[in-house]
Protein chains: 2
Amino acid sequence: MNDVIKPGSTTQTAPRAPYHHGDLRSALLDASEAELAEKGIERFSLRGVAKRAGVSHAAPAHHFGDSNGLLSALAARGFHMFLERQQDFKRQASASPDEQIKAATLGYVNFALENPALFRLMFSSDRPDFRSEELDGAATAGFMALVADIERLTGSNPFENQEAMLQVSATWALAHGMADLLCSGRLKSVGQLEADGRNAQITAIMARLLDSGDD
Amino acid sequence: MNDVIKPGSTTQTAPRAPYHHGDLRSALLDASEAELAEKGIERFSLRGVAKRAGVSHAAPAHHFGDSNGLLSALAARGFHMFLERQQDFKRQASASPDEQIKAATLGYVNFALENPALFRLMFSSDRPDFRSEELDGAATAGFMALVADIERLTGSNPFENQEAMLQVSATWALAHGMADLLCSGRLKSVGQLEADGRNAQITAIMARLLDSGDD
DNA sequence: TAGGACATCTTTCCATTGTCAAGTTTGCTT
DNA sequence: AAGCAAACTTGACAATGGAAAGATGTCCTA
């Protein structure tokens, strides 16, 4: 009726306001990320998300179907952030293949430590639906980047060379294991250190693998 | 006093029946394990557990406090099973330190694949309370076994030698990364294989690390 | 410019869940 | 035998996710 802007909006940055709320979809994703970071996935509440976004508790359903749909979209966005964080580190490293891999590992682990709940959503939850094109694509992109790095390192295409694919698996598993253990508070001998020392240890551990069988 | 078996029991195998139900505590743990395996931790229901055990929905509270208390006890039992599974493999392997570590890794990963939901409860959940003496002790025992193996491998006590502790971290992280990725359906190049081929790949990956810096 | 058609969001309602408080049964102790 | 404490049940409550139906705003077309 009137053109008064609804006061319910909370933290929108530059909304195009095409509709009632103004890009509620991404506002809900922001709210979900905050809810997840604060509560963890096991106390994540859809109604809590709606409250953060300043809308009714049933509003998310229209954009995401159910709560798992929302978490799927959030996980997909998480994988994009994840890949970017790895690229952050890679850009600051030397161009040699093994340095690039070490840098990606640092990005991998630091992302997990910076976003532990989101990392768990992406890797240790049944709620996101990986049959979703969007999510599967986002998750696959990171894997493909690693495959390319290993190809540069070994000179063999991992999809054609079993030994190179084994190197992919080993590298991924080692990076993932450090990330998962650290963000669950295990692996205390590494986790207790401050950022620089921790990153040095992570690199040293990865070096132990890379300096071995870089055939 | 008497040896009359209560007729209200539903699915007990060989109950001592010291009380009303007959060792309800462990019956609830069994029921929880089944509930967890079927539903996963994210749809785990305390009332579902009670229904499985054939008791009222509030019965678990007396033995475990709240649902997190039950999950803490279940996780502790999980860590014992976890260690046993590693020892299963170690007994069937040669006594050399690196073969023992490879065997433990096979136990680590196979346990995760056999009990994916329980594995997630143990490593990727905030619900178990690790301040609990029982749980912390069970979780620490596995770590100490690895430390001992690395000491045998390197000849140095990891608690006194930084390089050896780095080896502990690397070994644990690699085993854990494989386990976590495989039981989440990632790492398909390994996960698609049948058991024997999969175990061979796991061993080959671990060898890549152990054959490197076993100083 | 009026009138649908439709996407967006709210309100209301319901089944399920975890937890609490009180009551009931059972075995043990003295 | 009496009482006591442990073990378990019953009933209630607030919070949650989801379904259904209503309300509101926007756009497209005639």
Side-chain angles (χ1 to χ4, degrees), chain A residues 1-10 12 15-29 31-32 35-36 39-72 74 125-129, chain B residues 1-10 12 15-29 31-32 35-36 39-72 74 125-129:
Chain A
M1 200 69 77
N2 49 17
D3 54 351
V4 175
I5 295 176
K6 301 293 289 296
S9 60
T10 52
Q12 43 192 0
R16 290 292 197 76
Y19 262 106
H20 306 159
H21 174 276
D23 202 5
L24 178 58
R25 187 189 151 89
S26 71
L28 285 172
L29 284 175
S32 298
E35 172 86 1
L36 191 67
K39 304 281 187 69
I41 193 180
E42 289 165 335
R43 284 190 299 165
F44 178 90
S45 152
L46 192 58
R47 287 170 114 106
V49 171
K51 192 167 293 182
R52 280 172 197 269
V55 293
S56 81
H57 71 265
H62 191 266
H63 292 276
F64 299 100
D66 57 7
S67 67
N68 287 354
L70 173 56
L71 290 172
S72 295
L74 186 59
S125 174
D126 287 329
R127 301 191 64 177
D129 183 1
Chain B
M1 199 63 77
N2 52 14
D3 52 353
V4 175
I5 295 176
K6 297 296 294 297
S9 58
T10 54
Q12 47 191 0
R16 291 293 195 76
Y19 258 109
H20 305 158
H21 174 276
D23 202 6
L24 179 56
R25 187 189 152 89
S26 71
L28 285 172
L29 284 175
S32 298
E35 171 87 2
L36 191 66
K39 304 283 185 66
I41 195 180
E42 289 165 335
R43 285 189 299 166
F44 178 91
S45 151
L46 191 58
R47 287 169 114 105
V49 171
K51 193 166 294 182
R52 279 173 197 269
V55 292
S56 81
H57 66 266
H62 191 266
H63 292 276
F64 300 101
D66 57 9
S67 68
N68 287 353
L70 174 55
L71 290 172
S72 295
L74 185 59
S125 173
D126 286 331
R127 301 190 64 179
D129 184 0

Rounded distance in Å - CG (A:Leu24) to C1' (D:dT26): 16 Å
Short side-chain N/O contact to C:dT16 OP1/OP2 from B:Ser45, under 4.0 Å: no
side-chain hydrogen bond (donor to acceptor under 3.5 Å, both in side chains): pairs with one or both residues in residues 54-66 of chain A, sequence neighbours excluded: none
Polar pair under 3.5 Å, donor/acceptor by atom type, side chain A:His57, base C:dT12: yes
B:Ser72 side chain near B:Phe64 side chain, heavy-atom distance below 4.5 Å: no
Nearest non-hydrogen partners of A:Asp126 and B:Glu42, listed with the distance: N-OE1, 2.9 Å
Results of side chain to side chain contact (heavy atoms under 4.5 Å, CB included) for B:Ser67 - residues two or more places apart only: B:Leu46, B:Arg127
Partner residues of B:Ala50 under the side chain to side chain contact (heavy atoms under 4.5 Å, CB included) criterion, sequence neighbours left out: B:Val55, B:Pro60
Between C1' of C:dT16 and CD of B:Glu35, the distance in whole Å: 13 Å
Residue pair A:Leu70 / A:Leu29, side-chain heavy-atom distance below 4.5 Å: yes
Interface with DNA chain D, restricted to residues 59-70 of chain A and to heavy atoms under 4.0 Å: A:Asp66, A:Ser67
Closest listed nucleotide, where the reference is the side chain of A:Arg47 and the choices are C:dT19, D:dG17, C:dG18: D:dG17
Touch class at under 4.0 angstrom, heavy-atom based, for A:Ser56 against every strand present: base
Between the first and last five pairs of the helix from C:dT1-D:dA30 to C:dT30-D:dA1, the angle of the axes, rounded to 10 degrees: 0°
For atom CG of B:Leu28 and atom P of C:dG18, their distance in whole Å: 13 Å
Shortest non-hydrogen contact between B:Leu28 and B:Val49, atoms and distance: O-CG1, 3.8 Å
Test side chain to side chain donor-acceptor pair (under 3.5 Å) applied to A:Ser45 - qualifying residues, sequence neighbours left out: none
Which nucleotide in D:dT10, D:dA20, C:dT19 has an atom nearest any side-chain atom of B:Leu46: C:dT19
Spacing of B:Arg127 atom CZ relative to C:dT17 atom P, expressed in whole Å: 13 Å
